[in-house]
Amino acid sequence: MKAKSINFKRIMSIILGTLLIAIATNGVLLPNHLLSGGVSGISMLIHFILGFKVSILVIAINIPLFILGFIFLKKTYLAYSLFGMLMLSFWLEVTNSILIPTDNILSILVVAGLLHGLGTGIIFRGNGSTGGTDIIAKIIYDHFSINMATVTLALNAIIIGLSIYFFDINIAVLTISTMFVSSQVVNFVVDGINRKRTIYIITDEVHQESLSKLILKELHRGVTVIPALGAYTESPRYILFTTVGVREVAKVRHLVLTSDPKAFMTVTETSQVIGNGRGFMHLESLDLAETVHKNPQAS
């Protein structure tokens with residue numbers, strides 16, 4: 001990885017995220033015999049059974065996975081994943097003596113899920129990775145088009161099954177609950193509180209121009225006009241496509257009702273918006289920007 005291509009924001013996200021994951025692991029999960037997902041969860045399971053250090057197991061289990069990744073995946077992705085894995089192992093060793101006193105089940109779930117989810121979310125938001133099962137999921141997705149979330153869920157289900165086999169159902173239920181809290185925090189960190197709404201407005205030729213101008217002027221949001229044809233009336237229609245903030249939906253509805261009461265309007269929830277626009281995620285912050293730059297046809 002060349003120095004000029006190093007993304008320092010990505011690096012800092014990995015450093016901070018792995019620190020929080022390590023604190024959650026050493027401070028709450030291990031003392032309460034709970035597991036996390038992925039390679040960390042497998043490492044913790046082996047630690048409980050055989051007593052090996054989790055930090056060493058994380059590296060050992062990742063070695064064959066990175067060999068596979070070296071064969072099948074992009075080297076840039078692997079470089080950041082390798083850094084993430086080493087940082088996680090490093091912080092697991094550094095925070096080994098940290099213990100967060102929790103004697104209540106609800107506190108255990110919330111604190112562990114919050115710290116672990118916050119750390120994972122920061123890593124994901126910075127477009128980082130800690131290797132492990134992410135590598136397996138990425139390879140399977142690239143070659144078999146199976147969703148990465150589905151693969152990760154299946155691998156975590158195996159970990160839960162092993163937890164039931166070696167320990168008991170109570171530990172497994174607590175582990176699942178912690179994973180759920182963590183996943184909700186991850187979604188919150190990655191998507192943020194300012195979730196968007198995508199609006200489709202179907203109107204006629206007379207009103208499409210006035211509606212477009214109103215949205216541009218009143219909300220300062222871009223509008224895409226798509227020519228269409230009404231299947232029943234066989235008359236020309238226009239679809240106005242725009243994405244706005246949650247609090248702007250009512251204003252768009254008011255503009256549509258006052259301009260064209262006969263317009264057809266649908267509103268859908270949108271978790272992420274990538275591209276130029278107020279509050280949107282910019283393309284250059286993603287790896288996709290590099291792909292598009294190298295291959296103009298990708299856009």
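No experiment lies behind these values; they were computed from the predicted model shown. Only heavy atoms go into these numbers, but all of them, side chains included; no hydrogens, no water, no symmetry mates.
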For this session: Among residues two or more places apart or on two chains, list those pairs meeting ring pair (Phe, Tyr, Trp, His ring centres under 6.0 Å) that have a residue in residues 83-118.
Result: none

For this session: Could you pull out the closest heavy-atom pair between Leu240 and Ser212, with the gap in Å?
Result: CD2-OG, 3.5 Å

Exercise. Just wondering, do Leu29 and Met44 contact through their side chains at under 4.5 Å, heavy atoms?
Worked result: yes

In a table with atom names and distances, give each donor-acceptor pair under 3.5 Å that connects a side chain of residues 49-64 to protein atoms at least two apart or in another chain.
from	atom 1	to	atom 2	distance (Å)
Lys53	NZ	Glu93	OE2	2.8
Ser55	OG	Glu93	OE1	2.7
Asn62	OD1	Gly132	N	2.7
Asn62	ND2	Val58	O	2.7

Exercise. Mind checking whether His33 and Phe48 have parallel, tilted or perpendicular rings, split at 30° and 60°?
Worked result: parallel

Exercise. For Glu269, does the CD atom have more than 12 heavy-atom neighbours from other residues, nucleotides or ligands under 6.0 Å away?
Worked result: yes

For this session: Supply the atom-to-atom distance Leu115 CG to Leu19 CG, rounded to the nearest 0.5 angstrom.
Result: 9.5 Å

Exercise. Do Ser129 side-chain atoms and Ser81 backbone N/O form a donor-acceptor pair below 3.5 Å?
Worked result: no

Problem set entry | Exam field: side chain Thr178 to backbone Leu174, donor-acceptor pair closer than 3.5 Å | yes

Exercise. Within the distance-only criterion (no hydrogens, no angle test), does the side chain of Tyr165 pair as donor or acceptor with the backbone N or O of Ile160 below 3.5 angstrom?
Worked result: no

For this session: Please tell me if the side chains of Met179 and Ser36 come closer than 4.5 Å, counting only heavy atoms from C-beta onward.
Result: no

Exercise. Are Phe180 and Ile169 connected in a single hydrophobic cluster, I mean Ile/Leu/Val/Met/Phe/Trp/Tyr linked by side-chain heavy atoms less than 4.5 Å apart?
Worked result: no

Exercise. Do Ile176 and Phe167 belong together in a cluster built from hydrophobic side chains that touch within less than 4.5 Å?
Worked result: no

Exercise. Would you say Glu209 has more than 12 foreign heavy atoms packed within less than 6.0 Å of its CD?
Worked result: no

Exercise. Do you know which two heavy atoms are closest between Thr130 and Met85, and how far apart they sit?
Worked result: O-CB, 3.5 Å

Exercise. Can any side-chain N or O of Glu234 pair as donor or acceptor with the backbone N or O of Ala231 at less than 3.5 Å?
Worked result: no

Problem set entry | In one Ile/Leu/Val/Met/Phe/Trp/Tyr side-chain cluster, 4.5 Å: Ile159, Ile140 | yes

Problem set entry | Distance, nearest 0.5 Å, that separates OG1 of Thr175 from CG of Leu109 | 9.5 Å

For this session: Rounded to the nearest 0.5 Å, what's the gap from CE on Met87 to CD1 on Ile11? Could you check?
Result: 9.5 Å

For this session: Decide side-chain contact (heavy atoms from CB on, under 4.5 Å) for Ile199 and Thr266; before the verdict, give the C-alpha distance in whole Å, the side-chain angles of both, and the deciding distance to 0.1 Å.
Result: CA-CA 6 Å; Ile199 299 177; Thr266 61; over 6 Å; no

Exercise. Has the side chain of Asn96 got a donor or acceptor atom that lies under 3.5 Å from a matching backbone atom of Asn26?
Worked result: no

Exercise. Is there a donor-acceptor pair closer than 3.5 Å between any side-chain N or O of Thr242 and the backbone N or O of Gly222?
Worked result: yes

Problem set entry | Reported OG-to-NE2 distance for the pair Ser210 and His207, which is rounded to 0.5 angstrom | 6.0 Å

Problem set entry | Backbone of Val189 reached by a side-chain donor or acceptor of Arg125 within 3.5 Å | yes

Exercise. How about Thr268 and Arg197: do any of their side-chain heavy atoms sit closer than 4.5 Å?
Worked result: no

Exercise. Within a radius of less than 6.0 Å around CG of Asn104, do more than 12 heavy atoms belonging to other residues, nucleotides or ligands occur?
Worked result: yes

Problem set entry | Within one Ile-Leu-Val-Met-Phe-Trp-Tyr cluster: Tyr200 and Ile202, side-chain cutoff 4.5 Å | yes

For this session: Could you tell me whether the side chain of Thr120 and the main chain of Gly117 form a donor-acceptor pair under 3.5 Å?
Result: no

Exercise. Taking all atoms of both residues into account, what is the closest heavy-atom pair of Ser163 and Leu35, and its distance?
Worked result: CB-CD1, 3.7 Å

Problem set entry | More than 12 heavy atoms of other groups within 6.0 Å of Leu99 CG | yes

Acceptor/donor pairs from residues 255-264 side chains to any protein atom, 3.5 angstrom cut, sequence neighbours excluded:
from	atom 1	to	atom 2	distance (Å)
Thr258	OG1	His254	O	2.8
Thr258	OG1	Leu255	O	3.1
Asp260	OD1	Lys262	N	3.2
Asp260	OD2	Thr203	OG1	2.6

Exercise. Roughly how far apart are Phe241 CZ and Ile239 CD1, rounded to 0.5 Å?
Worked result: 10.5 Å

Exercise. What distance do His47 atom NE2 and Ile42 atom CD1 have between them, rounded to the nearest 0.5 Å?
Worked result: 15.5 Å

For this session: Please step through side-chain contact (heavy atoms from CB on, under 4.5 Å) for the pair Leu88 and Ile14, ending with a clear verdict.
Result: CA-CA 9 Å; Leu88 177 59; Ile14 292 173; over 6 Å; no

Problem set entry | Nearest heavy atoms of Lys251 and Glu218, plus distance in Å | NZ-O, 3.6 Å

Exercise. Do Tyr238 and Asp204 come within less than 4.5 Å of each other through their side chains, counting heavy atoms only?
Worked result: no

Problem set entry | Contact summary for Thr243 and Thr198, nearest pair of heavy atoms | OG1-OG1, 3.4 Å

Problem set entry | Side-chain donor/acceptor of Asn32 to backbone N/O of Leu34, under 3.5 Å | no

Exercise. Does Ser177 reach the side chain of Val181, with side-chain heavy atoms less than 4.5 Å apart?
Worked result: no

Problem set entry | Greater than 12 external heavy atoms within 6.0 Å of Glu205's CD | no

Exercise. Is Val111 reachable from Ile171 through a run of hydrophobic residues whose side-chain heavy atoms are each under 4.5 Å from the next?
Worked result: yes

Problem set entry | Nearest atoms (heavy-atom pairs only) where Phe124 meets Val186 | CD1-CG1, 3.8 Å

